[in-house]
Amino acid sequence: MSQGILYILYDKGGQSPASKFCYLEELKRSIGSLVKFCDLPITIYTNKDDLTSIGIESEQVTIVKKEIGNLPEEKREDPIHRGYSYPKLPLFKDLPYDTTIFLDADTLLLDDPSKLISEEYDLAICREVRFKWKKRHELTKDFNTGFFIANKGERYNNLIDKAIELMERHEIKCDQKAINRAVNYVYDINIMLLPQKWNVRGEHKPPMPPEEHKMRHWHLFKTDG
């Protein structure tokens with residue numbers, strides 16, 4: 001059974017003065033943190049022709065050119081000028097390994113995620129955290145799809161198929177929203193809930209000492225906090 005890491009990059013960011021971050025720089029930083037703990041192979045799906053080197057000296061990394069359809073022409077109205085995330089969803093049907101750990105570019109690894117791999121689930125994932133200030137410590141019922149571990153198979157594929165169907169039918173602009181809606185229609189899937197320390201979504205989301213963090217996941221994070 002093959003095991004490995006997947007990143008997806010179709011928008012490098014940082015292309016205009018309004019951009020407050022660059023996905024490519026975040027990707028470099030995430031991979032740099034990952035290889036300190038994990039020796040699994042890393043695959044990057046990208047539509048960029050100029051990504052022959054990402055500035056990471058690692059034999060672990062393989063860059064795979066992918067055609068990414070339905071790229072949005074409109075800009076997302078967002079305070080930090082993030083792009084839309086729904087183009088990732090069809091690529092989740094084409095996982096490069098039998099067991100794939102998917103990571104968003106804006107993740108900072110502080111431990112080895114491969115220790116979470118198991119054959120006891122189809123999908124392992126963390127919950128989302130509320131971003132409203134007065135409710136910043138609350139977990140939601142939704143899953144956060146910026147980090148998950150998937151065991152390739154019919155049950156996982158059925159979930160992504162349903163998410164794609166809902167995305168197209170309702171013109172959903174977010175892969176996370178589509179997957180969370182799809183969960184309500186898929187009756188035969190084993191989802192394992194991971195400890196939130198593996199997906200800390202902000203300096204105070206959830207409130208836990210920094211030394212307990214296993215992975216930090218937010219834009220513009222501090223690497224030493």
Side-chain angles (χ1 to χ4, degrees), residues 1-9 21-45 54-63 85 88 92 95-131 136-140 142-152 156 175-176 179 190-225:
M1 296 286 288
S2 62
Q3 300 177 350
I5 314 293
L6 173 65
Y7 290 93
I8 297 173
L9 180 71
F21 63 90
C22 175
Y23 282 114
L24 180 57
E25 291 304 314
E26 288 188 334
L27 176 63
K28 293 179 183 179
R29 182 167 51 182
S30 182
I31 293 175
S33 70
L34 174 66
V35 297
K36 295 177 182 178
F37 304 100
C38 181
D39 61 1
L40 289 180
I42 300 167
T43 295
I44 302 171
Y45 286 170
I54 61 168
I56 299 287
E57 296 299 326
S58 176
E59 296 181 354
Q60 292 175 235
V61 178
T62 299
I63 298 173
S85 62
K88 292 187 295 185
F92 289 161
L95 298 180
Y97 308 100
D98 295 318
T99 299
T100 298
I101 300 174
F102 173 74
L103 291 167
D104 269 349
D106 62 329
T107 54
L108 179 74
L109 281 299
L110 302 169
D111 203 342
D112 182 2
S114 68
K115 65 176 62 176
L116 302 172
I117 290 176
S118 170
E119 296 181 3
E120 297 182 356
Y121 55 74
D122 302 303
L123 179 69
I125 197 165
C126 294
R127 290 168 68 183
E128 183 59 287
V129 181
R130 291 189 187 277
F131 280 78
R136 63 180 182 165
H137 295 167
E138 287 188 18
L139 292 170
T140 75
D142 287 346
F143 300 118
N144 178 267
T145 58
F147 165 60
F148 63 79
I149 306 172
N151 286 317
K152 189 183 294 185
Y156 168 78
D175 68 291
Q176 179 166 302
I179 289 175
N190 187 353
I191 299 178
M192 176 179 174
L193 189 63
L194 295 174
Q196 206 63 31
K197 61 187 176 182
W198 281 99
N199 201 352
V200 179
R201 297 286 283 135
E203 293 179 85
H204 306 290
K205 310 180 186 77
M208 66 174 63
E211 60 270 18
E212 294 184 14
H213 296 182
K214 298 296 185 180
M215 186 191 74
R216 296 173 185 159
H217 179 193
W218 68 90
H219 294 291
L220 309 172
F221 53 63
K222 298 177 183 178
T223 58
D224 57 353

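- Counting heavy atoms from C-beta on, the side chains of Leu109 and Arg216 never come closer than 4.5 Å.
- Applying the salt bridge (charged side-chain N to carboxylate O under 4.0 Å, His left out) test to Lys88 and every residue at least two apart in sequence or in another chain returns Asp104, Asp175.
- Taking NZ from Lys152 and OG from Ser2, the interatomic distance works out to 6.5 Å, rounded to the nearest 0.5 Å.
- Annotation: side chain of Gln3 is not in contact with side chain of Tyr97 (no heavy-atom distance under 4.5 Å).
- When side chains are defined from C-beta on, Val200 does not count as touching Pro210, because their heavy atoms never get closer than 4.5 Å.
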Derivation and outcome, side-chain contact (heavy atoms from CB on, under 4.5 Å), residues Ile42 and Gln60: CA-CA 6 Å; Ile42 300 167; Gln60 292 175 235; 3.9 Å; yes
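- A search for side-chain contact (heavy atoms from CB on, under 4.5 Å) contacts involving Asn144 returns Glu128, Gln176, Asn199, Arg201, His217, not counting sequence neighbours.
- Checking Thr43 against Thr62 by side-chain atom types alone, no donor-acceptor pair falls below 3.5 Å.
- A search for side-chain contact (heavy atoms from CB on, under 4.5 Å) contacts involving Asn190 returns Tyr121, Asp122, not counting sequence neighbours.
- Between Trp198 and Phe147, some side-chain heavy-atom pair lies under the 4.5 Å cut-off.
- Remark: Asp142 pairs with no residue by the side chain to side chain donor-acceptor pair (under 3.5 Å) rule, at least two apart or across chains.
- In this structure, the side chains of Ile8 and Ile44 stay at 4.5 Å or more apart for every pair of heavy atoms.
- Interatomic distance, Leu103 CG to Leu34 CG, rounded to the nearest 0.5 Å: 6.5 Å.
- The OG atom of Ser33 sits 9.5 Å away from the CE atom of Met215 when rounded to the nearest 0.5 Å.
- Taking 4.5 Å as the limit, every side-chain heavy atom of Glu120 sits out of range of all side-chain heavy atoms of Met192.
- Not counting sequence neighbours, the partners of Ser114 by the side chain to side chain donor-acceptor pair (under 3.5 Å) test are Asp112.
- Listed by chain and number, the residues in a salt bridge (charged side-chain N to carboxylate O under 4.0 Å, His left out) with Lys36 amount to none (sequence neighbours excluded).
- Between Leu116 and Leu194, some side-chain heavy-atom pair lies under the 4.5 Å cut-off.
- The distance from atom CG of Leu27 to atom CG of Leu9, rounded to the nearest 0.5 Å, is 6.0 Å.
- Asn151 is linked by a side chain to side chain donor-acceptor pair (under 3.5 Å) to Thr99, counting only residues two or more places apart in sequence or in another chain.
- Atom SG of residue Cys38 and atom CD1 of residue Ile31 lie 11.5 Å apart, to the nearest 0.5 angstrom.
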Go through the steps to decide whether His213 and Lys197 satisfy the test side-chain contact (heavy atoms from CB on, under 4.5 Å), and finish with yes or no. CA-CA 5 Å; His213 296 182; Lys197 61 187 176 182; 5.9 Å; no
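- You'll find the side chain of Phe143 stays beyond 4.5 Å of the side chain of Leu123, heavy atoms only.
- With rounding to the nearest 0.5 angstrom, the CG atom of Asp39 is 12.5 Å from the CD atom of Glu59.
- Qualifying side chain to side chain donor-acceptor pair (under 3.5 Å) partners for Thr100, counting only residues two or more places apart in sequence or in other chains: none.
- Taking Phe92 as the reference, Phe102, Phe148 meet the ring pair (Phe, Tyr, Trp, His ring centres under 6.0 Å) condition, with sequence neighbours excluded.
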Apply the test side-chain contact (heavy atoms from CB on, under 4.5 Å) to residues Val129 and Gln196: give CA-CA distance (whole Å), side-chain angles for both, the deciding distance (0.1 Å), then the verdict. CA-CA 9 Å; Val129 181; Gln196 206 63 31; 3.8 Å; yes
